[in-house]
Amino acid sequence: MKDVAEQLQILRRGVEQIVPEAEFLKKLERSVREGRPLRVKYGIDPTGIDVHLGHTVPLRKLRQFQDLGHTAVIIIGNYTALVGDPSGRDETRARLTKEQVDANACDYLAQVGKIIDLDRAEVHHNGDWFSKWSFLDVLDLTRRMTLGQISAREDFAKRIADEKPVYLHECLYPLMQGWDSVEIRADVELGGTEQLFSLLVARDLQQSQGQEPQIAMTMPILVGTDGVRRMGKSLGNYIGVGEAPENQFGKMMSVPDEPMRQYFTLLTELPMTEVDRLLAPGVNPRDAKEVLGKSIVAQYHGEAAAARAAGEFRRRAAGEDPDEIPTVPLDRSKLDPEGRIPAFVLLKELGLESSTSNARRVVDGGGMTIDVDRRSIADPKERIAVADGLIVRVGKRKIVRVKIVGSPA
RNA sequence: GGGUGGAUACCCAAGCGGCCAAAGGGGCCAGACUGUAAAUCUGGUGGCACUGCCUUCGCAGGUUCGAAUCCUGCUCCACCCA
């Protein structure tokens, strides 16, 4: 095990707050002295399918703990997901069914496994304990907190001020999350800054159960690809860990310049001196972003795929077609006797546009080109002679090769 | 239980008898440009083989030549008082 100073240096990177810091030091020192790993908790609610880079911020921290010899304890919040975490939300979360949650939970682990070494980690579902609770148990838990404490939270306070609803079940969320820490005897819990309240609730609960309270370690909230709002599924500004290399890279490049430092700090291991050099004035931000994009794609798909995605992106930006063009079948019966089809119908049939109305607009706007010579189609009604292997493009990103199927007329 | 305010397209939000497929903003799509799927600017954004037709403004009825707009009932939501 590395000594305390070394561990701290690694663990402090990109961390917002360690509460209380002195206690953390003590725990760490004792851990090194006694050769006893810390139990580091991270909870994730299976509320959606996609694990995105925002989640990877604490997950990567958890991995660092693992690599330093500590124990990663992952809580799959299959019960808390039914409640919905109110943290940082200005409205109540939509309700999930138990079936959705279970299905998501399964999916989650596979994705989390891209970051955490699951063979060395403990995984718990909080339904394992909460599902056995009686109403009396719930009441017992609720007497640990007052309405004043709850409504002091910024997210609730804001909603109350805005005359938006705050439901009682949401108030239970931090208590449930806190109880998870009791169940697994957490030494440290990781979370976003908005989680601080919930992370601290656990301390009270643990103490009430005669346990040593956990340390709260909070990480900044990663901004999404819009560069403004937090990365989140519902905002559609996220990069999923399960996405294809090209998509991940492309989305990375679409992130504005400002949050690049945050991305480097939180999502890569690149030494900060190197980050400073890349972000220095005079260095083309595009190049820095490319390094960033490659580094992130490499984490999930390997160096080779990352390099390929970057190359592909450059080509695409230069207006060239990608290496691999997906093939889409087109039934011969859609064509007229001369083997032609109106442009707008073609786009609809190939699935490049969702409706013929939309297809017409796109063609009108000059967004459609065909063939290797990129002939632009301006009239939606122009009948396109479709040969097998014809390339059809809409904009820069939608590109398809036609495969004619069906028997000759 | 009483009161008040709501429900409009992907989201927010105007509209309050015809000029409404419905303002504006966001998002998204396309074009120009280039540092890129950034920024900026421009156009588009219900459906249909489309110079027209069809279906939308919580639901169901009604008034009217004509309803997102008026009336009745219903459903749902929020806030306030108790």
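Naming convention: chains lettered A, B, ... in sequence-line order (proteins, then strands); numbering from 1 in each chain. Nothing here was measured: the structure is a model prediction, and the numbers come from that model.
The pairing partner recorded for B/C28 is B/G44, the criterion being a Watson-Crick or G-U wobble arrangement whose two distances lie under 3.5 angstrom. In this structure B/U55 sits in no base pair that meets the Watson-Crick or G-U test at under 3.5 Å. Judged by Watson-Crick or G-U wobble contacts below 3.5 Å, the nucleotide B/G17 has no partner. Base pairing of B/U34 is not made with any nucleotide, judged by Watson-Crick or G-U wobble geometry with both donor-acceptor distances under 3.5 Å. The pairing partner recorded for B/A67 is none, the criterion being a Watson-Crick or G-U wobble arrangement whose two distances lie under 3.5 angstrom. B/A7: Watson-Crick or G-U partner is B/U75, with both key distances under 3.5 Å.
Using atom P as the reference point in both B/A39 and B/G27, the two lie 9 Å apart (nearest Å). Rounded to a whole angstrom, the distance from the C1' atom of B/A22 to that of B/A67 is 13 Å. Rounded to whole Å, the P atom of B/U45 lies 14 Å from the corresponding atom of B/C10. B/C20 and B/C74 are spaced 34 Å apart, taking the P atom of each and rounding to whole Å. Between B/A21 and B/A14, the two C1' atoms lie 16 Å apart (nearest whole Å). When the P atom is used for both B/A68 and B/C54, the distance is 15 Å, rounded to whole Å. To the nearest whole angstrom, the two P atoms, one in B/U69 and one in B/G2, are 27 Å apart. Nucleotides B/C81 and B/C12 have their C1' atoms positioned 30 Å apart, rounded to a whole Å.
Among the protein residues, A/Ser357 comes within range of the nucleic acid bases, having at least one heavy atom under 4.0 Å from a base atom. Within the nucleic acid shown, A/Pro285 comes within 4.0 Å of at least one base atom, counting heavy atoms only. Within the nucleic acid shown, A/Arg360 comes within 4.0 Å of at least one base atom, counting heavy atoms only. Note on A/Asn237: nothing from the nucleic acid sits closer than 4.0 angstrom, heavy atoms only. Contact annotation for A/Glu246: base contact, defined as any heavy-atom pair under 4.0 Å involving a base atom. Within the nucleic acid shown, A/Phe313 comes within 4.0 Å of at least one base atom, counting heavy atoms only.
Partners of A/Arg401 by salt bridge (charged side-chain N to carboxylate O under 4.0 Å, His left out), not counting sequence neighbours: none found. For A/Arg39, the salt bridge (charged side-chain N to carboxylate O under 4.0 Å, His left out) criterion is met by A/Glu122, not counting sequence neighbours. Legend: residues meeting ring pair (Phe, Tyr, Trp, His ring centres under 6.0 Å) with A/Phe264, ordered by chain and number and at least two apart, are absent. Take A/Glu21 and apply the side chain to side chain donor-acceptor pair (under 3.5 Å) test, not counting sequence neighbours, and it matches A/Arg12.
Residues A/Glu269 and A/Arg13 are not paired through a salt bridge, judged by the lack of any N-O separation under 4.0 Å between the basic side chain and the carboxylate. A salt bridge is absent between A/Glu324 and A/Arg308: the closest approach of a Lys/Arg side-chain nitrogen to an acidic carboxylate oxygen does not fall below 4.0 angstrom. Comment: A/Arg383 does not engage A/Glu338 in a salt bridge, judged by the lack of any side-chain N to carboxylate O separation of less than 4.0 angstrom. A/Asp137 and A/Lys132 are not joined by a salt bridge, as no carboxylate oxygen comes within less than 4.0 angstrom of a charged side-chain nitrogen.
For B/C48, one of the phosphate oxygens OP1 or OP2 lies less than 4.0 angstrom from a side-chain nitrogen or oxygen of A/Lys348.
A/Arg314 has its CZ atom 15 Å from the C1' atom of B/A37, to the nearest Å. The distance from atom CE of A/Met253 to atom P of B/A39 is 13 Å, rounded to the nearest whole Å. Whole-Å rounding puts the A/Tyr238 OH to B/G27 C1' distance at 15 Å. Distance A/Asn284 CG to B/U36 C1': 10 Å, rounded to the nearest Å. The interatomic distance linking A/Asp257 (CG) with B/U36 (P) rounds to 12 Å, in whole Å. Here B/A37 presents its C1' atom at 12 Å from CE of A/Met252, a figure rounded to the nearest Å. One can place OH of A/Tyr263 at 13 Å from C1' of B/A38, the figure rounded to the nearest angstrom.
RNA chain B is contacted by both A/Pro342 and A/Gln248; A/Gln248 maps to the nucleotide lying nearer its 5′ end (nearest heavy atom per residue).
Other residues, nucleotides and ligands contribute only 12 or fewer heavy atoms inside 6.0 Å of the CZ atom of A/Arg185.
Of the candidates B/A37, B/G44, B/A49, the closest approach to any side-chain atom of A/Phe344 belongs to B/A49. Taking the side chain of A/Thr356 as heavy atoms from C-beta on, and the options B/U36, B/A37, B/C50, the nearest nucleotide is B/C50. Listed candidates were B/C48, B/A38, B/A49. Nearest to the side chain of A/Ser355 is B/C48.
The aromatic rings of A/His52 and A/Tyr238 lie tilted to each other, with the angle between the two planes from 30° to 60°. Using a 30° and 60° split on the angle between ring planes, A/His124 and A/Trp129 fall in the tilted class, from 30° to 60°.
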Protein-nucleic acid N or O pairs under 3.5 Å, nucleotides 28-33 of chain B:
from: B/A30; atom 1: O2'; to: A/Gly365; atom 2: O; distance (Å): 3.4

Write down the protein N/O and nucleotide N/O pairs, taken from nucleotides 51-57 of chain B, whose separation is under 3.5 Å; answer none if there are no such pairs.
none

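Taken to the nearest 0.5 Å, the OH atom of A/Tyr42 stands 13.0 Å off from the CG atom of A/Asp180.
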